[in-house]
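See structure below.
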Amino acid sequence: MVARAADALDALRAKRPRVHCITNTVAHTYTANLLLAAGAVPSMTIAPDEIAAFVAGADALVVNIGTLDETRRTAIGIAIDAATEAGIPWVLDPVFVDRSPGRATFGKALLAMRPSVLRLNPAEFAALSGLSAEADHLPGFARENQAVVALTGETDQVADAARCAAVANGHRWMARITAMGCAGAALVAAFAAVDEDPWHATVAALVALGVAAERGAVVSSGPGTLAVRLLDTLFDLDRKDLLEQAKVS
Amino acid sequence: MVARAADALDALRAKRPRVHCITNTVAHTYTANLLLAAGAVPSMTIAPDEIAAFVAGADALVVNIGTLDETRRTAIGIAIDAATEAGIPWVLDPVFVDRSPGRATFGKALLAMRPSVLRLNPAEFAALSGLSAEADHLPGFARENQAVVALTGETDQVADAARCAAVANGHRWMARITAMGCAGAALVAAFAAVDEDPWHATVAALVALGVAAERGAVVSSGPGTLAVRLLDTLFDLDRKDLLEQAKVS
Amino acid sequence: MVARAADALDALRAKRPRVHCITNTVAHTYTANLLLAAGAVPSMTIAPDEIAAFVAGADALVVNIGTLDETRRTAIGIAIDAATEAGIPWVLDPVFVDRSPGRATFGKALLAMRPSVLRLNPAEFAALSGLSAEADHLPGFARENQAVVALTGETDQVADAARCAAVANGHRWMARITAMGCAGAALVAAFAAVDEDPWHATVAALVALGVAAERGAVVSSGPGTLAVRLLDTLFDLDRKDLLEQAKVS
């Protein structure tokens, strides 16, 4: 599994996939920088009249519902249709779906549109599934929605209907950096563009992010510097780093 | 006063208040990171149909009128009503109210809605009050508007109708970091969520930010690194740092 | 030419020009920080009802068409009219004009409104001009559009109808930092506010940015730290640095 993650990292650097991001305004810049550091090429427009052209030229799509507004709602529908049409993978990040009823309804509707991967935290999982956020509940939910489910936290759980992996890489300061989860979801999309099995792609992305964070934390003094250093270590990351430092079970 | 600021810092770390931010797009990311570093939990949506739910679940609100648009105008009204209804403190940051007549009118209308704290710079104070930005003019203006007035600059002045404090912490590079004032206003909101006296809360927030900046500047080489290091030093800040380094009179 | 760039840098620090920026949400924060580090004063509103007042009070305008939407389209027209009326320079950055047909049409319409400077990358140049991105094609295109054309890449080419300069400063990591080009265009606007010859202003801005990047890279370990360090080195940059390190031919 880790060797496959290392192969995906190599493929990402070679292919430089385009990733179109519909994401919240808080996460825009960090998401773009994380994708660039990894080797992907981001685009971020949400204009309904041009998003289909952008998605059609992209290799993957990420849909994050933070700072949701009318334009984003419209753009999201068009973008998902364009991704489905083009046959490219898309990742759903249902940010704060636990905080407002309207957002929960919208999140469920998007899930019904069959994302390749659903990335969320325990509170968001509970709001969408009606289940508590235990690893045991993931495969059933993944099967039901025909999506890979990535439950991120201190240890990330990545499940599809048949497989489940736990990724223990990362650093506690990551929870104090805004948009780290959103940017991580975009990285999942980038890996999904180069590994056709979205479960493997998700594991690879979370391992790469976690190892980069661990390597960055060594030269950081808190969440501010870690956010910056992580971009450097992700940019420098190679397959040997993944093979040596991955904590996947 | 400084001991109370230290208590508020401890309370902030213990309570981890939710702070809902209506702020400009330039300030989004830094504001969120500053709140996270301090120990608060930010949310930033401005969608009119869900902002009431977000504010109702928050412990404080900050309203910044930068990059003002129709959606923000609508969201601001709903959010202030929700904050008033929930009885949580809210902070007004009337960015660039001196630059356009429409914004001045809107800023004055918001001030009439009784924010707990008004944070602004000298040009903005002059535009809103019709007075020159001298410390002597603050208590009368504070009394008239029943709000704490925080005039930020090289030395910050914090006044309500009866009390006035001068906070001399900080670093000159802060003026070269975008959104530092906006993020500071959000930090005031976070402290107002844990100290029920908004004058004390404002002093505490400005001392904490200023001390963190001074500690960050020691390991920085300019405004770029300071913006990053300040997040680390704020994350690490403890009551002893405040007690030793506060410059309040 | 380099002595004139050094004079422009001094003038920028002395005059502290206001630069109004219509730019994409990804670039907002970094653009503002870069302008502040250089000594300029940014403003970023795109609200149609107040942008004319902001532009009228500014010394230069930059129009970047990233994350284009209806509000931005409207704001751009008003802002360009206000800049023309006020007689201040404006810079056009036709981001991703190669990626969607609607954006290409809009980019061409803006070019017809006579920007002082057009900054773009090779793919965008090809989409706007119908020509391949060779230095030889720039003067003719500049003459036709009565604008300075700055084609940025490993070596930047800056041409007007009669003159052409190549700026070889910079660092390869800049291509991995989002909004570097957008922020660079805003810096061109800042220099155009203090040197009335837009060709000289453009050369000066690109040299200053490139030298700052080279100096920043020495103390960086990748694109993450470079983005931060570049703000420090730009803040510290003086005429001596430009005179010693400029690579202009």
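Just so we're on the same page: letters track the sequence lines, and every chain starts at 1.
Contacts of B:Ala175 with chain C are made by backbone atoms alone, with heavy-atom separations under 4.5 Å and no side-chain atom involved. Contacts between C:Val219 and chain B at a heavy-atom distance below 4.5 Å are absent for every atom of the residue. There is no contact between C:Pro48 and chain B, counting heavy-atom distances below 4.5 Å.
Between C:Ala32 and B:Val26, the shortest heavy-atom contact is CB-CG1, 4.0 Å.
For residues 36-46 of chain B, the set of pairs meeting the salt bridge (Lys or Arg N to Asp or Glu O under 4.0 Å) definition, not counting sequence neighbours, is empty.
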Between chain B and chain C, which N and O donor-acceptor pairs fall under 3.5 Å? A table would be great.
| residue | atom | partner | partner atom | Å |
| --- | --- | --- | --- | --- |
| B:Thr25 | OG1 | C:His28 | ND1 | 2.5 |
| B:Val26 | O | C:Thr29 | OG1 | 2.8 |
| B:Arg73 | NH2 | C:Asp49 | OD2 | 3.4 |
| B:Ser100 | OG | C:Glu50 | OE1 | 2.8 |
| B:Arg103 | NE | C:Glu50 | OE1 | 3.1 |
| B:Arg103 | NE | C:Glu50 | OE2 | 3.1 |
| B:Arg103 | NH2 | C:Glu50 | OE2 | 2.5 |
| B:Arg176 | NH1 | C:Leu36 | O | 2.8 |
| B:Thr178 | N | C:Asn33 | OD1 | 2.7 |
| B:Ser221 | OG | C:Arg229 | NH1 | 3.0 |
| B:Ser221 | OG | C:Asp232 | OD2 | 2.7 |
| B:Gly224 | N | C:Asp232 | OD1 | 2.7 |
| B:Thr225 | N | C:Asp232 | OD1 | 3.1 |
| B:Thr225 | OG1 | C:Asp232 | OD2 | 2.5 |

